[in-house]
Q: 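Below is one structure. I have some questions about it.
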Amino acid sequence: MGKKKMEVPKKVAFPMAANYNYAFRYFVEQGLGARYIMQPPMTRKTLEIGTRYSPDSVCTPFKTTLGSTIEALECGADTLVMLFGTCRLGYYGELQEQILRDLGYQFDYINLATYTTGKNRDYFKAIGRVNPKVNPVKVVPAAMDTVKMAEYIDEITAQYYLNCGFELERGAYKRALNQFWTDMDRAASHQDIEEGYQRVKSAFQGIPLRKEEPLRVGIIGEYYTVQDAFSNLELEQKLADMGVEVHRWMNVSHRNLHYSGEKNLNVRVRDLTRFSMGPTSTANIWCARDYAERGFDGLIHVKSACCTPEIQIMPVLQNIGADYKIPILYLTYDSQTSDTGLMTRLEAFYDMISMRKKVIR
């Protein structure tokens, strides 16, 4: 009898998405028994690659995720996963797959939009394509750990941008945050995740701050661009470096894991809009007014070029700005957006809200 052929674990990759790839890696390796391919962080080259092979009129996240996927294939991935989603994500999968195959890449493609039927058992069909012999006993706890890691990522990221601009020891917050990313990247168990989380919490608490009546800015906008630091050219870090307390509600925890639902949010903003205009539009309208009612000094609306839902809510945001007398900066990102141009606009916005705060104090 011949020897039984050993099955080689699949090498799985997702497009880069903010800092959530650490959680994706954990689930793939600890829950599915496959190997996760972590492509390099996105750079200008990533965007250039994606732009080269994308339709001209498509939104910028399509181009960055396509470029990131190509880099994953070049790093050895043989199985690609496209996350489900509404808006254009619903058909990103089919279009990106066709582009990649036309370029000559060979891979297995799992488009989770196909398995998003409302029935959890259909997700197990997708899991079976990664590893047909996966142990269901391992999948559930790994999925729970993955959710917890995503929540910790959101919590720590929010704390970082709230406080890093006011540290007395320059760079202390960044060092603690980088250690947290290292811990999440190396995590192989629930205990590893918890220890990494507790370590960064303790580190943050030990950093002395000087914060006296800081400028508070709320950031809202299109789901992918507003969360991904590469896509928004480190918007939050730039503001923090100016001495701004940065708030951003939009993240996986708030929008996906613990979302109160469109119907609930629509009730809160029904005097502003009677219709849902897109996957994050209602949440952004609610969030903008919430920041305004809490006395924030300014709002920044972030969107990618050609993002129809976010274009549609701009008149509503203008009404909120007028009603609550709160300045709003509108930022649109495309493949040509420059770091210098962004800094010029942010500095002007900062000067305006700073002088305004002094006048109305």
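Positions are given from 1 along the sequence. Only a predicted model underlies this, so the values are computations on that prediction, with no experimental measurement involved.
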Q: Looking at E71 and P40, what are the two nearest heavy atoms and their distance?
A: OE1-O, 4.2 Å
Q: Heavy-atom distance under 4.5 Å between the side chains of L112 and I110, does that happen here?
A: yes
Q: Please determine which of I328, L317, V217 meets the side-chain contact (heavy atoms from CB on, under 4.5 Å) test together with L299.
A: I328
Q: Please tell me whether M355 and F349 are part of a single hydrophobic cluster in this structure, the criterion being side-chain heavy atoms less than 4.5 Å apart.
A: no
Q: Any side-chain to backbone donor/acceptor pair from S189 onto D192? Under 3.5 Å, distance only.
A: yes
Q: Taking all atoms of both residues into account, what is the closest heavy-atom pair of Y291 and I219, and its distance?
A: CE1-N, 4.1 Å
Q: For the residue pair I313 and H301, establish whether any side-chain heavy-atom pair is separated by less than 4.5 Å.
A: yes
Q: Where the side chain of K303 meets the backbone of V226, is there a donor-acceptor pair that is under 3.5 Å apart?
A: no
Q: Are any non-hydrogen side-chain atoms of I207 and E169 less than 4.5 angstrom apart?
A: no
Q: Looking at I37 and A13, what are the two nearest heavy atoms and their distance?
A: O-CB, 3.9 Å
Q: Is there a donor-acceptor pair closer than 3.5 Å between any side-chain N or O of R25 and the backbone N or O of Y20?
A: no
Q: Could you tell me whether the side chain of K63 reaches within less than 4.5 Å of the side chain of R52, counting heavy atoms only?
A: no
Q: Please check if any side-chain donor atom of T65 sits under 3.5 Å from a side-chain acceptor atom of Q96, or the reverse.
A: yes
Q: Indicate yes or no for a side-chain donor-acceptor contact from S202 to the backbone of R199 under 3.5 Å, with no hydrogens or angles considered.
A: no
Q: Any side-chain heavy atom of I70 sitting closer than 4.5 Å to one from Y105?
A: yes
Q: Where do F230 and M42 come nearest, in terms of heavy atoms and distance?
A: CD1-O, 3.4 Å
Q: Side chain of E234, backbone of Q237: donor and acceptor closer than 3.5 Å?
A: no
Q: What is the minimum heavy-atom distance between P327 and M352, and which atoms define it?
A: CB-CE, 3.5 Å
Q: Measuring centre to centre across the rings, with the benzene-like ring taken for any Trp, is F296 within less than 6.0 Å of H247?
A: yes
Q: Under 3.5 Å, side chain of D297 to main-chain N/O of R216, donor-acceptor pair present?
A: yes
Q: Give a yes or no on whether the ring-centroid distance for F14 and F24 is below 6.0 angstrom.
A: yes
Q: So, the side chain of D334 versus the backbone of A305: is there a donor-acceptor pair under 3.5 Å, distance only?
A: no
Q: Starting from the C-alpha separation in whole Å, work towards a yes-or-no answer on side-chain contact (heavy atoms from CB on, under 4.5 Å) for Q191 and E194.
A: CA-CA 5 Å; Q191 183 177 349; E194 291 296 327; 5.7 Å; no
Q: Without hydrogens or angle criteria, can the side chains of E310 and T280 be said to hold a donor-acceptor pair below 3.5 Å?
A: yes
Q: Check whether any side-chain heavy atom of M343 lies under 4.5 Å from a side-chain heavy atom of E347, and answer yes or no.
A: yes
Q: Got a sec, which pairs hit ring pair (Phe, Tyr, Trp, His ring centres under 6.0 Å) with one end in residues 197-218, sequence neighbours left out?
A: Y152-Y197, Y173-F204
Q: When you measure from the side chain of T46 to the backbone N and O of T43, does any donor-acceptor pair fall under 3.5 Å?
A: yes
Q: Which pair of non-hydrogen atoms, one from V252 and one from Q227, has the smallest distance, and what is that distance?
A: N-OE1, 3.7 Å
Q: Hey, which of L331, I220, N232 is the one that makes side-chain contact (heavy atoms from CB on, under 4.5 Å) with I300?
A: L331
Q: Do N163 and E167 pair up side chain to side chain, a donor and an acceptor below 3.5 Å, judged on atom types alone?
A: no
Q: Should D108 and D78 count as side-chain neighbours, where that means a heavy-atom distance under 4.5 Å?
A: no
Q: Report the relative orientation of the aromatic rings in W181 and Y22; use parallel for angles under 30°, tilted for 30 to 60°, perpendicular for over 60°.
A: parallel
Q: Can you see whether N111 engages E97 through a side-chain donor-acceptor pair at a distance of less than 3.5 angstrom?
A: no
